Number of protein chains: 2
Amino acid sequence: MARQARALATRQAVLLAAAEVFDERGYAAATMSDILERAGVTKGALYFHFRSKEELALAVILEGQSAWLATWEPSSDSPMQTVIDLSYAFARALQDDVLVRGSIRLTIEHGSFTQPQVAAYQGWSDATRELLERAQEAGELHPGIDLRGAALVMQGAVTGIQLSSQVLTDRQDLIERIADLWTLLLPGLVQPHALARLSVVERVPAVS
Amino acid sequence: MARQARALATRQAVLLAAAEVFDERGYAAATMSDILERAGVTKGALYFHFRSKEELALAVILEGQSAWLATWEPSSDSPMQTVIDLSYAFARALQDDVLVRGSIRLTIEHGSFTQPQVAAYQGWSDATRELLERAQEAGELHPGIDLRGAALVMQGAVTGIQLSSQVLTDRQDLIERIADLWTLLLPGLVQPHALARLSVVERVPAVS
DNA sequence: GGTAGGATACCTACTGGACGGTATGCGGCC
DNA sequence: GGCCGCATACCGTCCAGTAGGTATCCTACC
């Protein structure tokens, strides 16, 4: 097993380096040599763990997704609050985790390989929609709202705000912008009595 | 001058083909050969008009931007309505104009060359902010709103919604999603009396 | 109005380098 | 000694860019 421990370490080093390079340059502009160098690993080692550049990129995407979801602990509060918390978890993960950043960049670059990206978009907005449905049932939302449309708008808005925050301030104002988003969005979505109980700003989980 | 007419035509053909290919594959993955073939032009011709791949990309970005702004005719209505109209003009331009699509894709891929893209983001959100200030002065908005934040949120949201609409429905539901966005956003932004006078859906300019 | 000369607009063939991927070798732990 | 986990050297391909030629047209001078 000691053997495999080392292998796991190099695999992880490659994944991290790949995420960094993909995040900085994008898929096509990233070269395997870049990744090798940054990981401090040789070609043979890399191609032992990943059979191609594309497979490596897919691994980054998958690991990034699970890394994000791992940070998010569902609080049993209100469904609407959960949607908000999810967006903050996403923002934090983007700021803190290279894997998540690389994953997102690759996902947004829907070219080259298209399949899993669509799934990611779908998955996210489907999850949001489901939460909205539960919020609807709990009487949190205004009646007559198009839940599918709302879910798509939220997912799109968070994605785009993240992008422009990255370009303009290297994601330093991301949390602020997410707060602005919810401040603006919620009055059109939830009823006043529910609005009063929602936390629009980031809720930092208590450190245990 | 007849001479230059032909030259202009090939230049335009190259620009259009380049916009297509950049839109489909992104900057790095797009090859000059792709563009040549699609434009029906030889390498010599292309390199006569554009000295490098990067210069060609920059030309696509610039032409795309002006193409978008050309479609938008400022109506002297309310400033807030102008913001809304701008977003619809953007959406329409994305659906109708290859140049705009290519321009956007290149702009979003902020790698490789970073300068003018930041300017584009800045310019857009600055313009939005200015309109919001005028809307504020006109008493359209709720008091105490962070105009800078709101402008950034709108610009980011429109960008992101466009992106996810592209991935999920090839931009077919883009206009709908923009309408959803404004339906959700406006109550948190503008005062009821102004809200009543705003058109949340696309206002099709009368054909003259 | 014909033609020399030059500029414009384009074509063809080529190059050098980089890049993804592979083949083969080899050390060390079980 | 056998296989896991790598290291090194190499290969074919592809691609941005260039060199140098050519046809077309415009200008100018006779």
Side-chain angles (χ1 to χ4, degrees), chain A residues 1-61 63 102 105-106 109 111-114, chain B residues 1-61 63 102 105-106 109 111-114:
Chain A
M1 282 296 163
R3 215 73 215 301
Q4 293 194 12
R6 183 178 61 139
L8 226 85
T10 67
R11 191 192 134 93
Q12 203 60 18
V14 169
L15 266 178
L16 283 180
E20 275 184 43
V21 176
F22 283 141
D23 175 41
E24 289 168 16
R25 309 214 209 298
Y27 179 78
T31 76
M32 293 304 248
S33 312
D34 285 339
I35 299 174
L36 297 178
E37 202 176 334
R38 202 166 306 193
V41 161
T42 65
K43 228 169 199 190
L46 191 154
Y47 275 94
F48 175 78
H49 288 283
F50 305 94
R51 280 187 308 193
S52 70
K53 187 183 181 184
E54 185 165 336
E55 188 176 307
L56 176 56
L58 288 179
V60 168
I61 292 179
E63 299 260 345
R105 170 81 122 114
L106 290 173
E109 280 181 10
S112 333
F113 31 65
T114 327
Chain B
M1 283 294 164
R3 211 73 216 303
Q4 294 195 12
R6 183 178 59 138
L8 227 83
T10 67
R11 192 193 134 92
Q12 204 61 18
V14 169
L15 267 178
L16 283 180
E20 275 184 42
V21 176
F22 283 141
D23 175 41
E24 290 168 16
R25 309 213 210 297
Y27 179 77
T31 77
M32 294 303 247
S33 310
D34 285 338
I35 298 173
L36 298 178
E37 201 177 335
R38 203 167 302 197
V41 161
T42 65
K43 223 164 203 194
L46 191 154
Y47 274 93
F48 175 77
H49 288 283
F50 306 94
R51 280 188 308 196
S52 69
K53 187 183 180 182
E54 184 163 336
E55 189 176 307
L56 176 55
L58 287 179
V60 168
I61 291 180
E63 299 261 344
R105 169 82 119 117
L106 290 173
E109 280 182 8
S112 334
F113 31 65
T114 327

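Below, all heavy atoms of this structure are taken into account, side chains as well, without hydrogens, waters or symmetry copies. Lettering follows sequence order; numbering is per chain, from 1. Computed from a predicted model, the values in this text were never measured in an experiment.
- Within the 4.5 Å cutoff, the side chain of A:L58 has no heavy atoms near those of the A:F50 side chain.
- A straight line from CZ of B:F50 to P of D:dA16 spans 15 Å, rounded to a whole angstrom.
- Distance, A:L36 CG to D:dC6 P: 13 Å, rounded to whole Å.
- In this structure, A:L46 CG and A:L15 CG are separated by 9.5 Å, a value rounded to the nearest 0.5 Å.
- Interface remark: the B:K43 side chain does form a donor-acceptor pair with the D:dA16 base, using a distance-only criterion of under 3.5 Å.
- One finds a side-chain N or O of A:T10 lying less than 4.0 angstrom from the OP1 or OP2 phosphate oxygen of D:dC6.
- Atom pair B:Y47:OH and D:dA19:P shows a separation of 13 Å (rounding to whole Å applied).
- For the pair B:F48 CZ and D:dT24 P, the interatomic distance rounds to 16 Å; values are reported in whole Å.
- Atom CZ of A:R51 is separated from atom P of C:dT22 by 10 Å (rounded to the nearest Å).
- The separation between A:E55 atom CD and C:dG20 atom P is 15 Å, rounded to whole Å.
- Among the atoms of the strands shown, only primed sugar atoms or phosphate atoms (P, OP1, OP2) are found under 4.0 Å from some heavy atom of B:T31.
- Counting heavy-atom neighbours within 6.0 Å of B:E37 CD, excluding the residue itself, gives a total of 12 or less.
- Checked against D:dA7, C:dG21, C:dA9, the side chain of A:T42 finds its nearest nucleotide in D:dA7.
- Candidate nucleotides D:dC15, D:dA7, C:dC10 were compared by shortest atom distance to the side chain of B:S33, and D:dC15 ranks first.
- Nearest-nucleotide mapping onto DNA chain C: of A:S52 and B:L46, the residue sitting toward the 5' end is B:L46.
- Across all strands, A:A30 comes closer than 4.0 Å only to sugar-phosphate atoms, never to a base (heavy-atom distances).
- A:V14 has its side chain out of reach of A:H49: every pair of non-hydrogen atoms, C-beta onward, lies at least 4.5 Å apart.
- Atoms CZ (B:R25) and P (D:dC15) sit 10 Å apart, rounded to a whole Å.
- Looking at heavy atoms from C-beta onward, B:K53 lies in side-chain contact with B:F22 at the 4.5 angstrom threshold.
- Distance CE (A:M32) to P (C:dG21): 6 Å, rounded to an integer number of Å.
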